[in-house]
Amino acid sequence: CRYNIKHFYEVYDDEEEKIQRREMEIIHDMHTAIDKKQFTVFLQPKVNLYNEKACGAEALVRWIHPKKGMIPPNIFIPVFEKNGFIADLDYYMWEQVCILLRKWIDEGKKINPVSVNVSRISLYNPNLVHKLLKLINKYGIAPQYLHLEITESAYMTNPSMMLMIIEDLHKAGFTILMDDFGSGYSSLNALKDFPIDMLKIDMNFLPRGSMVERSRIIISSVIHMAKRLGIKVIMEGVETQEQRDFLRDLQCDYIQGYFYSKPIPVTEYEDKYINLMDF
Ligand code: C2E
Ligand code: CA
Ligand code: CA
Ligand code: CA
């Protein structure tokens, strides 16, 4: 028993050490990564459930590391949220999306909104609205083409300040989406207090296993409630036709998930969703 505990701690220490080492490498490489454009935009289409057509996309970051290959965001985003670098990465991603929208407009393509993620740190920067406006003006993008995804937990950090931020973003013409809805413990309060435009239901609510009936009841109530509040609803993480049909029956507005497409590189997105679009 004694041996087992000692063994456990040795393994645990190894793991801890590995995580710490990895964190240090991430911090060491992050500035070069921005300079060398190793962070890359992937796009995941959002589909309108009324006509089954792609109606926009979410931009998700991927780190294409020269030695380590593609690193998924769950490895480095938490590190950047701790050390503040997430603000730089957010801004970089917003600019890449503006550049992309500008390119499509110049090519005469019909464009749909692209949503970007706004971390808590970016959100509470008093310059946020100014920064965003400066960026879209630089590329001549109308604000309705840049949707802002703000994770639910960020709303409660400072609710009264958050309310002012949302009002300013609305005045500037931006669309605000509450991401990961239902993942925290104050979801209903957030819904009550903030005039958001769209909510994205957290994928953990999707029916699976033995709790199917409970999930169904909760999702249908959230959709019903949002509709009465005049808020659009999108469901994330939709993987099966059964889930899609269920959401369509409930008149969910939009869905996003592997059922239609994984997040894909920009060129692939252009081939599938932009170049073929007639107007
Ligand atoms: P999120 O904003 O909630 O994004 C949804 C995540 O679910 C994405 O993971 C997406 O690839 C994944 N996903 C989409 N469809 C499905 C599906 O059908 N099934 C499953 N199981 N997963 C699906 P990803 O790309 O690994 O991103 C993870 C998180 O990292 C994001 O969660 C977001 O919080 C953060 N993130 C990603 N890109 C950025 C960024 O540019 N800036 C910031 N601040 N955060 C980002
Ligand atoms: Ca998101
Ligand atoms: Ca989400
Ligand atoms: Ca999430």
Side-chain angles (χ1 to χ4, degrees), residues 26 30 33-34 37-47 54 56-64 70-100 113-125 128 131-132 135 146-155 175-184 187 190 196-208 219 222 233-244 246-247 252 254-266 268-269:
I26 289 172
M30 65 191 187
I34 280 221
K37 296 198 161 23
Q38 290 168 10
F39 294 114
T40 310
V41 173
F42 270 47
L43 294 170
Q44 185 178 38
K46 299 184 178 189
V47 174
E58 175 178 7
L60 293 154
V61 68
R62 298 289 180 267
W63 184 349
I64 317 288
M70 185 185 325
I71 312 177
N74 64 320
I75 302 287
F76 56 87
I77 298 265
V79 180
F80 295 168
E81 279 172 345
K82 260 198 290 183
N83 72 3
F85 189 69
I86 190 70
D88 294 358
L89 179 62
D90 277 350
Y91 188 84
Y92 178 85
M93 289 291 288
W94 306 340
E95 180 153 30
Q96 294 308 309
V97 168
C98 286
I99 291 171
L100 202 53
V114 176
S115 67
V116 293
N117 289 285
V118 181
S119 69
R120 186 194 314 265
I121 291 176
S122 303
L123 188 69
Y124 285 99
N125 180 328
L128 173 70
K131 271 179 140 177
L132 281 168
L135 199 54
L146 197 66
H147 288 188
L148 308 175
E149 300 204 0
I150 302 168
T151 189
E152 182 197 88
S153 64
Y155 289 78
T175 297
I176 295 161
L177 186 150
M178 190 183 286
D179 202 355
D180 306 314
F181 180 80
S183 63
S187 311
I196 51 153
D197 304 291
M198 200 184 296
L199 65 84
K200 190 188 269 192
I201 305 175
D202 194 80
M203 64 178 91
N204 286 323
F205 280 103
L206 275 175
R208 65 190 146 89
I219 292 180
V222 169
V233 183
I234 177 165
M235 182 79 227
E236 68 177 358
V238 177
E239 292 181 359
T240 66
Q241 177 161 0
E242 194 187 357
Q243 292 170 338
R244 192 275 312 271
F246 157 68
L247 291 160
C252 179
Y254 312 102
I255 64 172
Q256 192 182 336
Y258 297 167
F259 177 66
Y260 284 108
S261 171
K262 292 195 165 180
I264 49 179
V266 167
E268 189 180 339
Y269 182 86

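Numbering of residues begins at 1 and proceeds along the displayed sequence. Owing to the predicted nature of the structure, the values given are computational and were not obtained by experimental measurement. Just follow the structure's listing: the first ligand is 1, and inside any ligand the first atom is 1.
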Heavy atoms only: which of [options] lies closest to [atom]?
{"atom": "atom 14 (C) of ligand 1", "options": "Glu81, Gln44, Arg120", "result": "Gln44"}
{"atom": "atom 44 (N) of ligand 1", "options": "Ile255, Asn117, Ile75, Asp90", "result": "Asp90"}
{"atom": "atom 13 (N) of ligand 1", "options": "Phe42, Tyr91, Tyr258", "result": "Tyr258"}

Legend entry - Within 45° cone and under 6.0 Å: Arg244 NZ/CZ vs Phe259 ring: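 No; the conditions do not both hold, so Arg244 does not lie above the ring face of Phe259.
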
Legend entry - Under-3.0 Å neighbours of the Ca ion (ligand 2), protein N/O/S atoms only: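 That number is 4, waters not included.
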
Among the heavy atoms of [X], does any lie under 4.0 Å from an atom of ligand 1?
{"X": "Glu58", "result": "yes"}
{"X": "Pro72", "result": "no"}
{"X": "Ile77", "result": "yes"}
{"X": "Arg62", "result": "yes"}

Indicate, as side chain, backbone, both or neither, the part of [X] found under 4.0 angstrom from ligand 1 when only non-hydrogen atoms are considered.
{"X": "Leu89", "result": "neither"}
{"X": "Thr151", "result": "neither"}
{"X": "Asp180", "result": "side chain"}

Inset, instruction - Decide whether Ser115 and Lys46 meet the rule of one side-chain donor and one side-chain acceptor closer than 3.5 Å. - result: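 The answer is yes; a qualifying pair exists.
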
Inset, instruction - Return yes if a side-chain donor-acceptor contact under 3.5 Å exists between Ser119 and Glu81, otherwise no. - result: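 There is no such pair between these side chains.
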
Relative to the heavy atoms of [X], which atoms of ligand 1 are at a distance of less than 4.0 Å?
{"X": "Pro263", "result": "11 (O)"}
{"X": "Glu236", "result": "3 (O), 5 (C)"}
{"X": "Met93", "result": "41 (O)"}
{"X": "Gly257", "result": "15 (N), 18 (O)"}

Give, for atom [atom1] of [X] and atom [atom2] of [Y], the distance between the pair rounded to the nearest 0.5 Å.
{"X": "Ile99", "Y": "Glu95", "atom1": "CD1", "atom2": "CD", "result": "4.5 Å"}
{"X": "Ser183", "Y": "Asn204", "atom1": "OG", "atom2": "CG", "result": "8.0 Å"}
{"X": "Asn117", "Y": "Leu177", "atom1": "CG", "atom2": "CG", "result": "9.0 Å"}
{"X": "Phe205", "Y": "Phe181", "atom1": "CZ", "atom2": "CZ", "result": "7.5 Å"}
{"X": "Trp94", "Y": "Leu135", "atom1": "CH2", "atom2": "CG", "result": "8.5 Å"}
{"X": "Glu239", "Y": "Lys262", "atom1": "CD", "atom2": "NZ", "result": "8.5 Å"}

Do [X] and [Y] have side-chain heavy atoms sitting under 4.5 Å apart?
{"X": "Arg62", "Y": "Pro73", "result": "yes"}
{"X": "Tyr254", "Y": "Met198", "result": "yes"}
{"X": "Ile219", "Y": "Leu247", "result": "yes"}

Short N or O distance, [X] and ligand 1, threshold 3.5 Å exclusive:
{"X": "Val61", "answer": "yes"}
{"X": "Glu239", "answer": "yes"}
{"X": "Asp179", "answer": "yes"}

Inset, instruction - Classify the angle between the aromatic ring planes of Phe80 and Trp63 as parallel (below 30°), tilted (30 to 60°) or perpendicular (above 60°). - result: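 Geometry flag for Trp63 against Phe80: tilted rings.
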
Inset, instruction - Measure from the side-chain N and O atoms of Tyr91 to the backbone N and O of Ser122, and report whether any donor-acceptor pair falls under 3.5 Å. - result: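 Flag not set: sc Tyr91 to bb Ser122 has no pair under 3.5 Å.
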
